[in-house]
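Inspection log for the structure reproduced underneath, given as structure tokens.
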Protein chains: 2
Amino acid sequence: MTPPLHLSLAGQAVDALRELVLTGEIPAGTRVNEVELAARLGISRGPLREAIRHLASEGLLVLVPHRGAHVPEAGPADVKALFELRTALECAAAELAASRRTDADVARLHAVCAESRRTYQAGERFPYRLDLAFHRALLEAARSPYITEQVHLVQQRVVLLRSGLQDHPPHQRASLDDHDALVSAVAAADPSRASDVMRRHLARVCAQMLTSLA
Amino acid sequence: MTPPLHLSLAGQAVDALRELVLTGEIPAGTRVNEVELAARLGISRGPLREAIRHLASEGLLVLVPHRGAHVPEAGPADVKALFELRTALECAAAELAASRRTDADVARLHAVCAESRRTYQAGERFPYRLDLAFHRALLEAARSPYITEQVHLVQQRVVLLRSGLQDHPPHQRASLDDHDALVSAVAAADPSRASDVMRRHLARVCAQMLTSLA
DNA sequence: AAACTGCCAACTGTCGACAGTCAACAACGC
DNA sequence: GCGTTGTTGACTGTCGACAGTTGGCAGTTT
């Protein structure tokens with residue numbers, strides 16, 4: 001059928017399902033039917049079940065015994081709790097990045113910031129993609145694999161919460177400034193300042209998400 | 001067979017496998033045979049596979065395509081990286097606990113510390129169980145569900161690394177003092193001091209594990 | 001009319017069997 | 001004797017079918 005495919009069906013199913021969830025194609029609260037979805041993806045229920053369980057372990061799905069899986073519906077309390085976790089992880093990452101960063105790391109961070117600002121001034125709005133790229137560049141500089149892994153998982157859940165939300169330009173402007181301040185603290189090898197800036201940045205983003213949610 | 005069991009076979013398999021891994025009954029590096037283990041647990045391969053994937057998502061197993069799962073072998077670099085994650089999470093938890101704790105929380109923490117000290121002075125060594133209980137009591141006071149969840153997962157991985165290691169009494173003595181200092185900071189509602197104490201505590205524990213490992 | 005009880009359809013949980021892949025072993029050539 | 005290649009065995013990946021449970025619907029009772 002598919003001879004030179006280097007990924008198992010379960011692996012493909014994970015990617016496909018993740019896409020369906022993150023794009024909001026499967027709305028929050030909707031129950032996922034195994035047989036139906038398996039047919040839609042062209043695979044059997046076995047691999048699909050593994051994919052469902054995997055995404056559940058990432059927090060993108062919620063399992064209910066004998067009642068299947070559904071995309072979680074998040075309230076303000078969830079957003080706050082999730083950002084407490086994100087703050088813990090990313091502040092630590094910022095600290096580590098400030099103490100471990102190489103010149104190449106700083107250059108990369110500057111490049112991402114520059115591109116973000118350019119895109120923002122050109123199109124009145126910079127894509128979320130660049131925000132993710134910035135945080136990932138920071139993680140790279142932190143060189144802490146387990147923290148990096150966890151931040152990626154948390155960011156995914158934030159993306160899930162963001163689906164159906166749009167950013168206001170003023171908030172974007174503030175984020176750009178935060179990013180610049182963060183790069184400056186990292187470049188200056190000042191861990192505690194980097195942590196503080198990150199904390200304020202995430203507090204702002206969290207507050208903005210809470211108002212957009214209400 | 002087992003009529004009034006309120007847990008799915010996969011759920012039971014998760015618990016059983018977790019026990020086998022954490023107790024070291026399945027040594028690090030050993031490959032896990034699905035058919036053999038399924039027979040041993042008295043279930044089919046389907047639920048067992050789900051259990052294996054679940055534990056892999058918790059970091060207790062490593063999956064290799066077409067070659068099954070095995071318990072990860074951890075070196076010093078892994079220990080350091082894991083403790084960077086643990087420090088990020090538990091320092092944040094200590095901060096939150098210090099700012100949110102109720103009198104009941106403080107009482108609970110005091111009780112755990114007292115029992116630890118009593119057991120230590122009586123038997124020259126206090127069980128790891130009480131150390132876990134202390135950190136869990138602190139998490140309860142922090143009231144941050146996602147951080148709590150992640151700390152539990154990390155603690156599990158630490159237990160995995162600890163299997164086959166024994167504590168030296170002097171290190172235990174230091175831990176007892178750290179715990180007391182932590183309770184005092186939390187009781188005084190001093191988040192930054194709580195975070196600092198936790199950081200020092202975990203640095204000590206990490207260093208001790210690294211020396212025991214070599 | 002409202003509440004309760006028994007049935008029914010749909011779905012999840014589980015199983016056994018088949019197919020594909022990888023690694024070790026053996027035979028062969030150099 | 002050593003490296004290479006074909007073969008074989010064991011194991012994982014996948015599938016289709018069966019069994020158990022859940023929630024809803026119809027029928028009945030008060």
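Note on naming: letters A, B, ... go to the chains in the order of the sequence lines (proteins, then strands), and numbering restarts at 1 for each one. Worth knowing before you read on, the calculation uses all heavy atoms, side chains too, and leaves out hydrogens, waters and symmetry mates.
Under 4.0 Å is where a charged nitrogen must lie from a carboxylate oxygen, and between B:D178 and B:R204 at least one such pair does.
At the heavy-atom level, B:V32 lies under 4.0 Å from the strands shown only through sugar-phosphate atoms. Residue contacts shown for A:G46 are absent, as no nucleic acid heavy atom lies under 4.0 Å away.
Here the side chain of A:N33 is nearest to one of D:dC15, C:dC11, D:dT12, namely C:dC11. Comparing atom distances between the B:R67 side chain and each of C:dC22, D:dG16, C:dC15 picks out C:dC22 as nearest. Candidate nucleotides D:dG13, D:dC15, C:dG16 were compared by shortest atom distance to the side chain of A:S8, and D:dG13 ranks first.
Atom CG of A:L63 and atom P of C:dC11 are 17 Å apart (whole Å). Atom pair A:L41:CG and D:dT14:P shows a separation of 13 Å (rounding to whole Å applied). Spacing between atom CZ of B:R53 and atom C1' of D:dT14 amounts to 12 Å, rounded to whole angstrom units. Atoms CG (B:L7) and C1' (D:dG20) sit 16 Å apart, rounded to a whole Å. Between the CD atom of A:Q12 and the P atom of D:dG13 there is a distance of 14 Å, rounded to whole Å. With rounding to whole Å, B:H70 atom NE2 is found 15 Å from D:dC11 atom C1'. For A:E36 and C:dA9, the CD to P distance is 20 Å, given to the nearest whole Å.
For the pair B:R108 and B:F134, the cation-pi criterion (under 6.0 Å, within 45° of the ring axis) is not fulfilled.
Scanning both residues, A:A28 and A:P72, for their nearest heavy atoms gives CB-O, 3.7 Å.
Sorted by first and then second residue, the side chain to side chain donor-acceptor pair (under 3.5 Å) pairs with a member in residues 80-94 of chain A read A:E84-B:R100, A:E84-B:S144, A:R86-A:E90, A:E90-A:H135; sequence neighbours excluded.
Projected onto DNA chain D by closest heavy-atom contact, A:R45 and A:H66 fall at different nucleotides, the more 5' of which corresponds to A:R45. Closest-nucleotide positions on DNA chain D for B:E34 and A:I43 were compared, and the one nearer the 5' end corresponds to B:E34.
The side chain of B:R31 contributes no N or O atom lying less than 4.0 Å from OP1 or OP2 of C:dA23. Note on B:R49: every side-chain N or O is 4.0 Å or more away from OP1 and OP2 of D:dT12.
The side chain to side chain donor-acceptor pair (under 3.5 Å) search around A:R143 returns A:D105, not counting sequence neighbours.
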